[in-house]
Amino acid sequence: MSMQKVLMGVATVIAVGVGSLWAARDKKSAPPSPEEQRWPRSARLGTQLDHPSGVAADTQYLYFVTGGFQQAENAVKRVALTGGTVETLASGDFMTGGHIVCDERFVYWTTQGSSMSVRAVPKAGGKAVILATAPARPDYLAVDDTHVYFTTTSKTAEVGQVLRVAKQGGNLDTLLKGYAGLSGLVVDQSFVYFTTPEGLHKVAKSGGAPTTMLAGERKAIRLAGDAQFLYFFSEESTGKLGVAKLAKSGGAPTRLTPPAQWTMDLALSDNAVYFFQETNSTYAGQITVYALRRVPKAGGEVATVDAGEVTSGRLTVAGGDVLFSDINTLYRVPK
């Protein structure tokens, strides 16, 4: 073999090797896909969904609503917490309202538009029923052993109400009326707790006048509760809200997080509060619009669980995971 052929062969090997190195480097340095940039620590339980929003869970399934618009797939669905096929439990002549709760046997949700109602469908599948027709758009939901409680949304006090209906349906009980801007609802064995632009209040399930637990404009927004405390967002400066808690027995609120940009719903585990927060942090060179965060109920360091694009703001905790939705996907992330 001539020296010229040998040199040409070496040059070819070097060229191929360099090309391979550049290709590997380009592959390694290529930015993640848009899908990879959205909530990178979270598993996808369902994708290509039509605006999933409200979520509720038991030990086996995540239940959620889709739609919320006239021209949309308005439905109640479920998917196993371990993933798999998304099943439809109810669909038809309704437009979902965005909130959903469940108990041992049924899933309950709200509808809006021309048919404002609270409805129920068996978790195992079956016929959906209308429990109550609402006097105004129903919004926040809560359940106890016997009743479904809900608020009606209104910018005027006349139709802003807290109501309940028996789980088997029947007459509506009006617990309170005359509240504009209701923004949260929690029930326990004895009381119904709710938030308005003027504060945090409670009323006995047996009826009577409400009691204001925390007064002040935008001092309590949204609401979650456990056996001893109520958790909510509190505005400390214009547009800046922090997570706070207040003992059900009364007293002064305790601030759990510094104030930050607008936040959405709250979810609780045994020892922590989970919430979304607008943030200017980045992931993979992209602006992160929201972060899913956690703060101990007892107070302490605020930790970021995951970060991604705009979320629906709905979330729940089941077992060892936080479950939430965005415009077209359901997620599960270790809490």
Does Leu49 belong to the same Ile/Leu/Val/Met/Phe/Trp/Tyr cluster as Val65, with side-chain heavy atoms less than 4.5 Å apart forming each link? no

Donor-acceptor contact present, side-chain Ser325 to main-chain Ser53, <3.5 Å: yes

For residues Ala57 and Cys102, report the shortest heavy-atom separation together with the two atoms involved. O-SG, 3.8 Å

Trp39 vs Thr311 side-chain heavy atoms within contact, under 4.5 Å: yes

Take atom CD in Gln228; do more than 12 heavy atoms of anything else shown fall under 6.0 Å from it? no

Answer with yes or no after comparing the ring centroid distance for Phe324 and Phe276 against a 6.0 Å cut-off, counting only values under it. yes

Taking Arg293 for its side chain and Val302 for its backbone only, find out whether a donor-acceptor pair lies under 3.5 Å. no

Do Tyr290 and Thr279 have side chains that get closer than 4.5 Å, going by heavy atoms? no

Testing the 3.5 Å rule here: is there a donor-acceptor pair between the side chains of Thr111 and Ser117? yes

For the residue pair Trp109 and Leu141, what are the closest heavy atoms and their distance? CA-CD1, 3.8 Å

Just how far is it from atom CG of Leu315 to atom CG of Leu268, taken to the nearest 0.5 Å? 9.0 Å

Interatomic distance, NZ@Lys167 vs CG@Leu131, rounded to 0.5 Å, equals 10.5 Å

Any donor-acceptor pair under 3.5 Å linking the side chain of Lys335 with the backbone of Val305? no

Shared hydrophobic cluster for Val86 and Ile327 (ILVMFWY, side-chain gaps under 4.5 Å): no

If hydrophobic clusters are built from ILVMFWY residues whose side chains come within less than 4.5 Å, do Leu176 and Val143 share one? no

To the closest 0.5 Å, what do you measure between NZ (Lys205) and CZ (Phe191)? 10.5 Å

Closest heavy-atom pair, Lys219 versus Phe232, reported as atoms and distance to 0.1 Å, is O-CE1, 3.5 Å

For Asp139, the salt bridge (charged side-chain N to carboxylate O under 4.0 Å, His left out) test, sequence neighbours excluded, returns none

Applying side-chain contact (heavy atoms from CB on, under 4.5 Å), run through Thr195 and Arg222 and close with a yes or a no. CA-CA 7 Å; Thr195 52; Arg222 309 298 172 94; 5.8 Å; no

Note, Val107 side chain near Lys123 side chain (heavy atom, < 4.5 Å): yes

Judged by atom type as modelled, is there a donor-acceptor pair below 3.5 Å linking the side chain of Asp321 to the main-chain atoms of Arg332? no

Taking atom types as modelled, find out whether Thr66 and His51 have a side-chain donor-acceptor pair closer than 3.5 angstrom. no

Is there a continuous path of hydrophobic side-chain contacts, each under 4.5 Å between heavy atoms, that joins Val192 to Val118? no

Do the side chain of Lys202 and the main chain of Met213 share a donor and acceptor less than 3.5 angstrom apart? no

For residues 118-165, pull every pair meeting ring pair (Phe, Tyr, Trp, His ring centres under 6.0 Å), keeping only residues two or more places apart or in separate chains. His99-Tyr140

Find out if a path of hydrophobic residues (ILVMFWY) with successive side-chain heavy-atom gaps under 4.5 Å connects Ile130 to Leu163. no

Student check: side-chain heavy atoms of Tyr61 and Glu87 closer than 4.5 Å: yes

Just verifying a value: how many Å separate Leu182 CG and Leu223 CG, rounded to the nearest 0.5 Å? 11.0 Å

Would you mind reporting whether Asn271 and Pro296 have side-chain heavy atoms less than 4.5 Å apart? no

Any sub-3.5 Å donor-acceptor pair from Gln112's side-chain atoms to Thr96's backbone N or O? yes

Would you say Leu214 and Pro253 make side-chain contact, with heavy atoms under 4.5 Å? yes

How about Phe94 and Arg119: do any of their side-chain heavy atoms sit closer than 4.5 Å? yes

Taking only residues at least two apart or on different chains, which pairs with a member in residues 171-182 satisfy side-chain hydrogen bond (donor to acceptor under 3.5 Å, both in side chains)? Arg164-Asp173

Work out which heavy atom in Leu185 is nearest to a heavy atom in Val162; give both atom names and the distance. CD1-CG1, 4.2 Å

Between the main-chain N or O of Val159 and the side-chain N or O of Thr152, is there a donor-acceptor pair closer than 3.5 Å? yes

dist Glu217:CD -> Thr196:OG1 (nearest 0.5 Å) comes out at 10.0 Å

Examine distances only and state if a side-chain atom of Asp58 and a backbone atom of Asp103 form a donor-acceptor pair shorter than 3.5 Å. no

Considering all heavy atoms, the nearest Val186-Gly225 contact: CG2-N, 3.8 Å

Interatomic distance, CG@Leu230 vs CZ@Phe194, rounded to 0.5 Å, equals 12.0 Å

Can you list the steps and then say if Tyr274 with Leu266 is a side-chain contact (heavy atoms from CB on, under 4.5 Å)? CA-CA 6 Å; Tyr274 296 83; Leu266 298 155; over 6 Å; no

Of Ile100, Leu323, Asp265, Asp326, which meets side-chain contact (heavy atoms from CB on, under 4.5 Å) against Arg314? Asp265

Shortest non-hydrogen contact from Ala120 to Tyr108? CB-CD2, 3.6 Å

Do Lys240 and Gln261 have side-chain heavy atoms sitting under 4.5 Å apart? yes

Taking Leu62's backbone N and O only, do any of them form a donor-acceptor pair with Lys77's side chain (distance below 3.5 Å, no angle check)? no

Ignoring hydrogens and angles, tell me if any N or O in the side chain of Lys248 forms a donor-acceptor pair with the backbone of Asp226 under 3.5 Å. yes

